[in-house]
2 protein chains.
Amino acid sequence: MAETNQREATIRDVARLAGCGIATVSRVLNESGPVSDTSRRLVVDAARELGFEFSDVGRSLRNAVTRTIGCVVPSINNPVYAAAVQGIQTVARANGHQLLLSCTGYDLDEEYAAVKTLIGKRVDALILTMSDIKASRAVELLHNRKLKHCLLFNHMPGIPQRSAVDNCSAGFRVGLAFAEAGHDRVGYIALRLAQSDRAQQRFEGLSAFCQTTGLEAPALLEIEEQSRNLDQRLSAFLIANPAVTGLFVSNDLLAIAIIGALRRLGLSVPGDLSIVGFDGIEFGQMLQPTLATIATDPHAMGQASAYMVLSSILRRPATDTLAASADFEFRPGGSLGRPPSKDALAKKLQLLRQLSPAHASF
Amino acid sequence: MAETNQREATIRDVARLAGCGIATVSRVLNESGPVSDTSRRLVVDAARELGFEFSDVGRSLRNAVTRTIGCVVPSINNPVYAAAVQGIQTVARANGHQLLLSCTGYDLDEEYAAVKTLIGKRVDALILTMSDIKASRAVELLHNRKLKHCLLFNHMPGIPQRSAVDNCSAGFRVGLAFAEAGHDRVGYIALRLAQSDRAQQRFEGLSAFCQTTGLEAPALLEIEEQSRNLDQRLSAFLIANPAVTGLFVSNDLLAIAIIGALRRLGLSVPGDLSIVGFDGIEFGQMLQPTLATIATDPHAMGQASAYMVLSSILRRPATDTLAASADFEFRPGGSLGRPPSKDALAKKLQLLRQLSPAHASF
DNA sequence: GATGGATATGGAAACGTTTCCATAGTTAAA
DNA sequence: TTTAACTATGGAAACGTTTCCATATCCATC
């Protein structure tokens with residue numbers, strides 16, 4: 001650990017050493033006005049000698065601009081958000097802005113606190129991903145205050161966004177994929193459904209598909225915590241819904257965990273059950289079988305949202321080549337196959353039922 | 001997009017509305033001095049009415065403290081760095097600090113620029129992961145300037161760090177694992193070896209093991225870009241080193257890609273070749289076979305580094321329960337098995353050689 | 001009734017910038 | 001030589017805080 005922080009050199013120190021006024025220093029170092037060659041040399045030398053670096057805090061105070069954008073996401077352990085943040089960061093940096101990051105862990109109060117803090121930090125803009133936008137008090141904070149902001153992954157009527165896939169349509173599309181493969185009874189699995197508007201919308205889309213095509217409504221399994229009793233919960237769910245042959249899982253991360261759980265339960269994918277995920281993370285393609293999913297482009301979405309807020313901050317037409325960032329497409333994969341014969345699955349489930357008590361014990 | 005930013009309310013506005021001086025407003029809202037009940041009420045009401053929030057930029061200027069820590073990592077698309085950043089963020093937040101994040105894309109110049117910018121932003125501390133610490137000009141910037149900082153994942157004699165695994169020992173350990181499984185000729189695969197001190201150290205460790213046990217030095221394959229000609233490069237490498245039966249890959253992400261490439265080349269893991277990765281990312285455990293690797297705890301390492309810098313900033317004994325964050329351990333996995341019979345592998349490689357021209361064409 | 005010590009309050013300075021404005025110096029034109 | 005126009009320069013104000021210090025008010029004590 002370095003010793004105690006000594007005072008950083010200020011523009012005044014440079015001026016003193018160069019033997020001129022601070023205005024001249026500013027003009028030289030910012031190339032913002034006429035200066036004689038001699039002054040320039042004096043100032044540049046003095047600045048180098050002192051290792052001078054402008055303080056953005058003084059600058060921000062004076063300019064009423066921090067060149068900083070705030071970013072609130074649930075977590076960057078999920079590669080989807082990581083990619084989005086990476087996209088934001090890249091664009092922000094390219095435009096001379098820094099990124100103030102807050103991860104809220106899917107917690108409403110943390111979201112609120114984060115937004116409040118970032119407002120205090122006087123970020124120039126805010127890019128937000130809320131776990132449940134409808135329930136969020138955080139957005140109220142922004143409503144009166146006219147801070148530039150936009151949503152990422154979320155939808156909300158009054159609030160600008162540029163980069164959220166239409167989860168409902170995507171859910172519908174998944175229903176179609178299942179139907180095309182011959183499944184007539186599907187289930188939906190989500191993590192903390194109540195706290196995720198996106199998970200809800202995906203479910204709605206799937207349900208809508210079932211309804212319009214006359215299929216039975218999807219069975220629903222909500223997981224509270226991605227914990228160890230996943231196997232048990234899943235097993236119970238399958239036993240309770242023996243007709244289900246296709247599972248739509250609210251995101252790829254969870255889908256991969258579900259595939260692992262199924263494997264531990266002695267069920268194969270897609271032999272016994274078909275799985276479709278959501279997001280299109282790279283890892284899905286490295287599994288065997290590959291994960292069928294809804295492919296999205298979170299990196300581009302992050303970039304698009306950054307472009308959006310930046311172009312409004314910078315007051316220049318955004319160089320925006322990213323019109324289609326929020327599109328999605330169904331990506332086929334080995335995890336979605338034809339449904340098994342009723343008998344085959346029934347037999348496996350029977351086996352599972354017998355094992356069930358054993359599972360319940362841990 | 002919200003309309004034009006109107007001026008935020010200042011402490012002066014609150015004072016005016018409450019009919020008192022700004023000192024009183026500060027005392028009330030910060031609970032930092034004696035105030036009468038009437039003043040308190042007046043001020044609180046006025047602040048609420050205006051939606052007042054202290055400006056951290058004014059505050060930072062006055063206090064010479066920004067309550068912000070800077071973090072420089074190569075990328076958060078790699079789950080290892082994502083976890084570390086997440087760890088830093090959590091600890092920072094819990095201690096009232098915000099995180100200014102810069103991803104540098106393994107680029108030395110970007111690293112330099114990032115550090116410079118963050119110094120300008122007057123972060124209270126800096127947590128750095130450099131791609132190649134020895135070659136880094138960025139650390140020089142910190143040397144004279146006594147800004148608190150620490151390294152994450154990197155080692156460097158003069159610079160404090162708290163959270164970097166001993167890559168060399170880990171590499172040695174991997175050598176041991178291969179030897180125990182019966183391999184006597186191993187290879188090492190790294191991405192941009194020249195730009196990653198960590199990849200180099202891991203290689204050194206493996207080489208050291210080979211040397212001390214009298215094995216032949218590991219064959220080395222360096223990949224420049226994780227691009228599509230990976231298959232081709234890999235195939236050429238295997239043909240050139242037909243005795244190699246075990247591959248140590250410099251990180252899990254790349255290891256997973258390599259496994260995919262091997263599969264495309266018609267080689268099986270661990271049937272034909274054994275693989276050991278590095279990092280211990282979760283996904284490795286979801287593959288089949290599971291990935292043998294060096295398991296580390298990047299989240300804890302991030303936390304530890306944040307504790308380290310924060311405890312020095314805050315001048316209070318850090319609540320540090322994370323003594324062992326930089327430990328590693330070898331995690332066995334299905335990707336490391338016994339070496340195949342010489343004949344079997346030779347036959348496959350023969351096949352590969354015949355295919356080779358075809359591969360070279362795309 | 002004057003003095004003294006609390007207690008509450010507001011003015012003002014300082015933090016590090018940028019930029020407006022006034023001034024000093026220099027050259028060109030009258 | 002005087003005036004005009006321009007260039008280079010530095011002083012000073014403002015941005016939003018916190019905190020020191022001085023002052024004003026009040027109550028208790030002598």
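Note that the coordinates shown come from a computational prediction; the quantities given were computed from them, not determined experimentally. Naming convention: chains lettered A, B, ... in sequence-line order (proteins, then strands); numbering from 1 in each chain. Computed from heavy atoms alone, side chains included, the values below leave out hydrogens, waters and symmetry copies.
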Asker: With sequence neighbours excluded, what pairs up with A:A64 under the side chain to side chain contact (heavy atoms under 4.5 Å, CB included) test?
Answerer: none

Asker: For DNA chain C, what residues of residues 19-31 of chain A have any heavy atom nearer than 4.0 Å?
Answerer: A:I22, A:A23, A:S26, A:N30

Asker: Roughly how bent is the helix from C:dG1-D:dC30 to C:dA30-D:dT1 end to end, in steps of 10 degrees, with each end axis from five pairs?
Answerer: 70°

Asker: Does B:S39 put a side-chain nitrogen or oxygen below 4.0 Å from OP1 or OP2 of C:dT9?
Answerer: yes

Asker: To the closest 0.5 Å, what do you measure between NE2 (A:H299) and CD1 (A:I88)?
Answerer: 10.5 Å

Asker: In Å, rounded to the nearest 0.5 Å, how long is the span from CD1 of A:I119 to NE2 of A:H149?
Answerer: 10.0 Å

Asker: Nearest-nucleotide wise, let me know which of B:R40 and B:N63 is further upstream toward the 5' end of DNA chain C.
Answerer: B:R40

Asker: Among residues 41-62 of chain B, which residues get a heavy atom nearer than 4.0 Å to DNA chain C?
Answerer: B:L61, B:R62

Asker: Identify, between A:S32 and B:P34, the residue whose nearest nucleotide on DNA chain C lies closer to the 5' end.
Answerer: B:P34

Asker: Is it true that the side chains of A:S26 and A:N30 contain a donor and an acceptor less than 3.5 Å apart?
Answerer: yes

Asker: To the nearest 0.5 angstrom, please state how far the OG1 atom of A:T117 sits from the CG atom of B:D56.
Answerer: 8.0 Å

Asker: Check this for me: does any side-chain nitrogen of one of A:R93 and B:E110 sit under 4.0 Å from a carboxylate oxygen of the other?
Answerer: yes

Asker: Can you give the first and last nucleotides of DNA chain D, 5' to 3', that have an atom under 4.0 Å from a heavy atom of chain B?
Answerer: D:dG16 to D:dT19

Asker: Say whether, by atom type as modelled, one donor and one acceptor occur between the side chain of B:R67 and the main chain of B:G96 under 3.5 angstrom.
Answerer: yes

Asker: Working to the nearest 0.5 angstrom, can you tell me the gap between B:I22 CD1 and B:R12 CZ?
Answerer: 4.5 Å

Asker: Given B:S55 and B:E8, is the side-chain hydrogen bond (donor to acceptor under 3.5 Å, both in side chains) satisfied, shown in steps?
Answerer: CA-CA 9 Å; B:S55 160; B:E8 297 273 347; over 6 Å; no

Asker: Assess the side chains of B:T90 and B:Q303: does a donor N or O sit below 3.5 Å from an acceptor N or O?
Answerer: no

Asker: For A:Y81, give me all partners under ring pair (Phe, Tyr, Trp, His ring centres under 6.0 Å), at least two apart in sequence or on another chain.
Answerer: A:F153

Asker: Could you verify whether a donor N or O on one side chain and an acceptor N or O on the other, from B:S75 and A:Q86, lie under 3.5 Å apart?
Answerer: yes

Asker: Hey, what do you get for OG (B:S305) to CG (B:L128), rounding to the nearest 0.5 Å?
Answerer: 10.0 Å

